Amino acid sequence: MVRKLKNYKPTKLMPEYAHYDKDAADYVVAFIEQLKHTKGEFYNKPFELIDWQERIIRDVFGILKEDGTRAFKTVYIEVPKKCGKSEMASAICLYMLCADREQRAEVYGCAADREQASLVFDVACDMVRLCPALQKRCMIKPSRKTIAFGPTNSTYKALSADVAGKSGVNVSALIFDELWVQKDRKFFDMMTVGTSDARKQPLHFIITTAGTDTNSICYELHQKAVDILEGRKTDPTFYPVIYGAGQDEDWTDPKVWYKANPSLGITIDESKVAEACESAKQNPAEENAFRQLRLNQWVKQAVRWMPMDKWDACAFPVNEKELEGRVCYGGLDLSSTTDLTSFCLCFPPKDEDDRYIVLPYFWLPEETLDLRVKRDHVNYDLWEKQGYIQTTEGNVVHYGFIEKFIEELGERFNIRDIAFDRWGATQMVQDLEGMGFEVVAMGQGFASMSPPTKELMKLVLEQKIAHGGHPVLRWNMDNIYIRQDPAGNIKADKAKSTEKIDGAIACIMALDRAIRCGNDTSESVYDSRGLLVF
């Protein structure tokens, strides 16, 4: 007799043309609960679905269209680590292989690398070995990472992005584990686009923890899931489930842990989470790992600096025409000739009620734009069409074009001086000086960069800066990794930051000059108030 989930009701996302078939759901639940756990204290014990798992199984396999086929084709599940993802994925692999009544089914367990793909495969193999009925009917080939099911001539194969030869598949089921680890979308697209067209009711089952790259295929699906759950989008074939803590919730609160972890107290001991939390409180470098892996929050890198919700709150409108004639200061961060180059203007406030205003500008070589989009998976082409990035002719950044652009800016704005990295830009500095600009060398070490970097954070938290929501500058700010010296000084670290931060560096340099000099070159805030110490 199949155990009944208390208070189960089909998801509100059930399409109008579909219905819930309890017998169909019971069939899948019964199959899975005949399997055995394969690890630790649960070894060889029946796989009794946890409520959150059973709810997903009943929704996905019990909600059917009029012709009896499943309504949902794509399932996106986002849960923290140690909630039983691999076991659930393995059980679904075996069901789709052995019990979905699909002749010559092709079931694929996919992951970013061999080791990750092997996790689900190895659990599935152990489940087969612990089930006499399946052991009689299945042939395991560990060297090929395959399990064959004789009665329907079906196969399950583990695949990873780092192994070639995935073309020609005819996917009946695809179980993608830890999608957030995927470096790009190529493997995912290869396995999902058009590969299931010949199947009557294919299933793409993605189960993952939150990730760190907001330009990834996983974040794209995460955002689609959020939009569907919050009613902004509709896709009757897409089934989303996200367990996680809100960005503003207290990550040290056990109530938040239980909200984010549906298996806490069952497969996860609260004391383990408490220990990890205490360690993260003592070592800030561990905070983001705790929030990502334990609370399923999307974070940018291991040591987070800029709180992006606070940055976004400073997206006050910026009108360039209204700034014409006003005093401002520039920050110039030159890339290599093939990379993103940035120049930023910072306008000091006119009075104590005003804000610092930043105007960023970015350039890339025109001929390599498409290549960079494909290689970096960043929306350079979209930003270029929207006017947030300019391209210079050729396959390298044309510094002469940038010099001319800055000269034209000087005719519109009262640029008092321009800060630049003293280790580069020698020729451009000479050219700008020849145009009449005051150019100031600025070191990139802790002594020079710490005061304006800390001041930027203070201005953001106080909403005393306006950036107009510029998406490229936002992306740069979101990429920053901060280094700290023993004295508590900080600076953005280009080498360790996850992506480009050139615009953020240019902004910090321009801000430094604006703070030091103000509107009338009187004493700076550093002189009157002293340096910030966090």
Side-chain angles (χ1 to χ4, degrees), residues 212-215 219-220 222-223 226-227 230 232-233 246-249 297-301 304-324 326-331 333 340 342-363 378-390 409 412-413 452-482 492 497-515:
T212 60
D213 183 1
T214 55
N215 291 299
Y219 188 76
E220 180 182 315
H222 163 84
Q223 197 56 55
V226 171
D227 288 342
E230 296 181 356
R232 290 188 294 272
K233 288 184 179 179
Q247 292 297 326
D248 297 328
E249 291 184 300
Q297 291 180 326
W298 279 80
V299 295
K300 191 56 185 175
Q301 61 265 324
R304 189 176 189 172
W305 182 63
M306 178 59 71
M308 295 312 295
D309 58 329
K310 304 298 183 185
W311 176 262
D312 291 340
C314 294
F316 304 105
V318 174
N319 189 322
E320 287 196 23
K321 289 188 177 181
E322 293 179 358
L323 295 171
E324 290 182 355
R326 275 186 56 173
V327 169
C328 62
Y329 300 85
D333 189 75
L340 190 68
S342 179
F343 179 71
C344 186
L345 290 177
C346 183
F347 298 77
K350 294 181 291 185
D351 52 54
E352 62 180 14
D353 295 324
D354 197 13
R355 298 183 175 91
Y356 285 87
I357 300 173
V358 295
L359 285 180
Y361 303 94
F362 297 87
W363 296 269
V378 177
N379 299 322
Y380 294 124
D381 52 347
L382 176 62
W383 289 333
E384 190 267 339
K385 290 177 182 178
Q386 294 173 337
Y388 295 115
I389 285 180
Q390 298 181 62
L409 289 178
R412 298 173 56 201
F413 309 113
T453 302
K454 290 183 175 181
E455 193 68 35
L456 175 60
M457 178 62 76
K458 179 176 182 294
L459 294 173
V460 168
L461 296 178
E462 295 177 348
Q463 296 190 13
K464 288 293 186 180
I465 193 167
H467 52 69
H470 196 289
V472 188
L473 181 60
R474 184 191 190 279
W475 176 59
N476 281 195
M477 286 293 175
D478 199 16
N479 290 332
I480 289 181
Y481 176 101
I482 288 293
S497 295
T498 56
E499 289 286 355
K500 302 302 178 186
I501 62 171
D502 309 77
I505 297 297
C507 178
I508 290 170
M509 290 195 291
L511 177 63
D512 179 79
R513 299 308 300 164
I515 290 172

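No experiment lies behind these values; they were computed from the predicted model shown.
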Output yes when a side-chain donor or acceptor of R355 lies under 3.5 Å from a complementary backbone atom of Q463, and no otherwise. yes
Are the side chain of N476 and the backbone N or O of G503 linked by a donor-acceptor pair below 3.5 Å? yes
For the residue pair Y219 and W298, categorise the inter-ring angle as parallel (less than 30°), tilted (30 to 60°) or perpendicular (more than 60°). perpendicular
Gap separating the CD1 atom of I357 from the SG atom of C328, nearest 0.5 angstrom: 10.5 Å
Test side-chain contact (heavy atoms from CB on, under 4.5 Å) applied to M457 and K454, step by step: CA-CA 5 Å; M457 178 62 76; K454 290 183 175 181; 5.8 Å; no
Please answer whether the main-chain N or O of P348 pairs with a side-chain N or O of R326 as donor and acceptor at a distance below 3.5 Å. yes
Which residues share a salt bridge (Lys or Arg N to Asp or Glu O under 4.0 Å) with K310, sequence neighbours left out: none
Fit a plane to each ring of Y380 and W475, take the angle between them on a 0 to 90° scale, and name the class: parallel (under 30°), tilted (30 to 60°) or perpendicular (over 60°). perpendicular
Step-by-step side-chain contact (heavy atoms from CB on, under 4.5 Å) determination, M306 to I480: CA-CA 7 Å; M306 178 59 71; I480 289 181; 5.8 Å; no
Closest approach of Y329 to A510 (non-hydrogen atoms, all atoms of both residues): O-CB, 3.6 Å
Please check this pair: side chain of N479 against backbone of K500, looking for a donor-acceptor N/O pair closer than 3.5 Å. yes
With no hydrogens and no angle check, is any side-chain donor or acceptor of H467 less than 3.5 Å from a backbone partner on R474? no
Scanning both residues in full, the closest heavy-atom pair of V327 with F347 reads O-CD2, 3.5 Å
Let me confirm one number: the CD1-SG distance from I508 to C344, rounded to the nearest 0.5 Å. 10.0 Å
Kindly compute the distance separating NZ (K458) from CG (L461), expressed to the nearest 0.5 Å. 9.5 Å
Step by step, would you call H470 with V318 a side-chain contact (heavy atoms from CB on, under 4.5 Å)? CA-CA 10 Å; H470 196 289; V318 174; over 6 Å; no
Could you tell me the separation between the CD1 atom of I482 and the CD1 atom of I501, rounded to the nearest 0.5 Å? 8.0 Å
Are any side-chain N or O atoms of Q390 and backbone N or O atoms of E384, one a donor and one an acceptor, separated by less than 3.5 Å? no
Side chains of Y356 and L456: does their closest heavy-atom pair fall under 4.5 Å? no
Can you measure from CG (D309) to SG (C314) and round to the nearest 0.5 angstrom? 10.0 Å
In Å and rounded to the nearest 0.5 Å, what is the CE to CE distance from M308 to M477? 8.0 Å
side-chain contact (heavy atoms from CB on, under 4.5 Å) between L459 and L511, intermediate numbers included: CA-CA 10 Å; L459 294 173; L511 177 63; 3.8 Å; yes
For F362 and S342, work out which heavy atoms get closest and say how close. CE2-OG, 3.5 Å
Those residues that, when tested against D381, pass salt bridge (Lys or Arg N to Asp or Glu O under 4.0 Å) (two or more places apart): none
State which residues pass salt bridge (Lys or Arg N to Asp or Glu O under 4.0 Å) with E352; sequence neighbours excluded, sorted by chain then number. none
